[in-house]
Protein chains: 2
Amino acid sequence: MTARVTLDLSDPVPPYEQIRRQLSSLIAVGVLEPGSRLPTVRSLAADLGIAAGTVARAYKELEQSGLIESRRRNGTIVVGPPGAPHGVAGGDAAVMAAVDVLIRSAREAGIRDDTLIDLVRGRLTSKLDP
Amino acid sequence: MTARVTLDLSDPVPPYEQIRRQLSSLIAVGVLEPGSRLPTVRSLAADLGIAAGTVARAYKELEQSGLIESRRRNGTIVVGPPGAPHGVAGGDAAVMAAVDVLIRSAREAGIRDDTLIDLVRGRLTSKLDP
DNA sequence: GTCTTTGTATCACTAGATTGATACAAAAGA
DNA sequence: TCTTTTGTATCAATCTAGTGATACAAAGAC
């Protein structure tokens with residue numbers, strides 16, 4: 001249960017952000033279910049060969065996003081995604097399906113992955129007002 | 001036609017990246033159609049109050065993504081998105097529709113915007129092998 | 001052929017981000 | 001109550017990315 005997070009030091013994305021992204025999407029996908037315990041900051045740091053503070057930073061940001069919850073001495077557990085607070089598991093399934101549809105149609109249209117991300121981002125921000 | 005790009009200096013995202021993202025999504029959405037002329041690096045830089053090299057960097061990355069094409073003395077024009085090279089306008093419309101469906105279902109599920117981006121990213125990378 | 005307008009390349013400076021180390025704080029358990 | 005295990009805070013060192021300035025190069029206009 002340790003090796004679900006990987007680091008690529010040649011990636012320009014900094015380690016704490018790699019950790020954050022991977023855990024975020026694992027939680028969003030449902031691989032990490034609410035109640036799951038994450039490794040302690042020290043153990044994950046040791047596994048990855050980095051400082052504990054780096055893992056702590058990733059955890060902190062995930063907590064601010066409402067995906068996990070850290071308590072001293074108790075460790076860190078998954079509480080999200082916050083979308084289906086009443087156990088409505090269908091919500092996330094619908095989102096996942098929508099993601100897959102999007103990716104398939106984007107690939108068919110020949111849109112690059114980076115461009116697709118930009119597209120979603122742009123659409124998200126432009127949907128704030130209306 | 002100049003003010004379609006905005007800078008937010010308080011945003012941690014650097015200026016060149018803000019420019020890149022905005023133009024990328026404008027092109028992907030179709031607001032900037034193939035053949036459109038982008039402002040010159042100097043004029044856009046002057047409008048935004050930044051150095052020309054900063055705009056040039058954004059343009060360079062967009063060119064590497066295949067979205068625009070720069071020629072000396074000729075300026076820079078939109079050539080993409082590369083998805084519908086034969087004028088199949090329906091391709092991008094399908095992608096746009098998929099994006100909207102995704103955003104709507106994510107909002108209904110209460111998923112944060114940042115988390116949604118992470119989710120799409122994670123799904124994109126995990127879809128490389130299979 | 002010259003001039004002017006465009007993008008391109010380079011380079012040093014600065015500012016900020018990231019990290020690792022260390023010390024601190026809380027909370028559970030013996 | 002003492003100890004241990006966890007997360008948290010801090011802080012300085014390093015490193016890298018981003019920028020602005022300047023000079024260069026190509027290509028069309030005249």
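So you know, we letter chains A, B, ... as the sequences are listed, proteins then strands, and number each from 1. Note that these values count all heavy atoms, side chains included, but never hydrogens, waters or copies made by symmetry.
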Next item on the list: In whole angstrom, give the distance that lies between atom CG of B/L44 and atom P of C/dT5.
Entry: 18 Å
Note to self: It should be established whether A/T76 places a side-chain nitrogen or oxygen under 4.0 Å from OP1 or OP2 of nucleotide D/dG7.
What the structure shows: yes
Check: If you look at every strand shown and take non-hydrogen atoms under 4.0 Å, does A/P15 touch a base, only sugar-phosphate, or nothing?
Finding: sugar-phosphate
Next item on the list: Taking only the side-chain nitrogens and oxygens of A/T54, find out if one of them lies under 4.0 Å from OP1 or OP2 of C/dG20.
Entry: yes
Notebook entry, point to check: Is any side-chain N or O of A/R57 under 3.5 Å from a base N or O of C/dT18, one able to act as donor and the other as acceptor?
Noted result: no
Next item on the list: Using whole Å, report how far CD of A/E17 lies from P of C/dA17.
Entry: 13 Å
Checklist line | C/dA28 OP1/OP2 closer than 4.0 Å to side-chain N/O of A/R72 | finding: no
Note to self: Judged by each residue's nearest nucleotide on DNA chain D, which is more toward the 5′ side, A/R73 or A/G53?
What the structure shows: A/R73
Notebook entry, point to check: Tell me: CZ of B/R42 to C1' of C/dA9, nearest whole Å?
Noted result: 12 Å
Check: Which distance, rounded to the nearest 0.5 Å, do you find between the CG of B/L119 and the CG of B/D114?
Finding: 12.5 Å
Next item on the list: Send over the distance from A/L48 CG to C/dT18 C1', rounded to a whole Å.
Entry: 16 Å
Margin query: Hydrophobic clustering (ILVMFWY, side-chain heavy atoms < 4.5 Å, transitive) - are B/V31 and A/L116 grouped together?
Written below: yes
Check: Looking at A/T40, does any N or O in its side chain come under 4.0 Å of the phosphate oxygens OP1/OP2 on D/dT5?
Finding: no
Notebook entry, point to check: Can you tell me how far P of D/dA26 sits from CD of B/E69, to the nearest Å?
Noted result: 18 Å
Next item on the list: Mind calculating the distance between CG (B/N74) and P (C/dT6) to the nearest angstrom?
Entry: 10 Å
Check: Starting at the 5' end of DNA chain C and moving along, which residue's nearest nucleotide shows up first, B/A56 or A/I50?
Finding: B/A56
Notebook entry, point to check: Within a radius of less than 6.0 Å around CD of A/E33, do more than 12 heavy atoms belonging to other residues, nucleotides or ligands occur?
Noted result: no
Note to self: Could you tell me how far apart B/R20 (CZ) and D/dA17 (P) are, to the nearest whole angstrom?
What the structure shows: 16 Å
Next item on the list: Kindly work out whether a path of hydrophobic side-chain contacts (I/L/V/M/F/W/Y, heavy atoms less than 4.5 Å apart) joins A/I50 to A/Y59.
Entry: yes
Check: To the side chain of A/E63, which of C/dG7, D/dT8, D/dG18 is closest?
Finding: D/dT8
Checklist line | Interatomic distance where OH belongs to A/Y16 and P belongs to D/dA9 [whole Å] | finding: 17 Å
Item checked: Check: B/L32 and B/L38 side chains under 4.5 Å, non-hydrogen atoms -> yes
Check: Of the nucleotides D/dG20, C/dT18, D/dG7, which one has an atom closest to the side chain of B/A51?
Finding: D/dG20
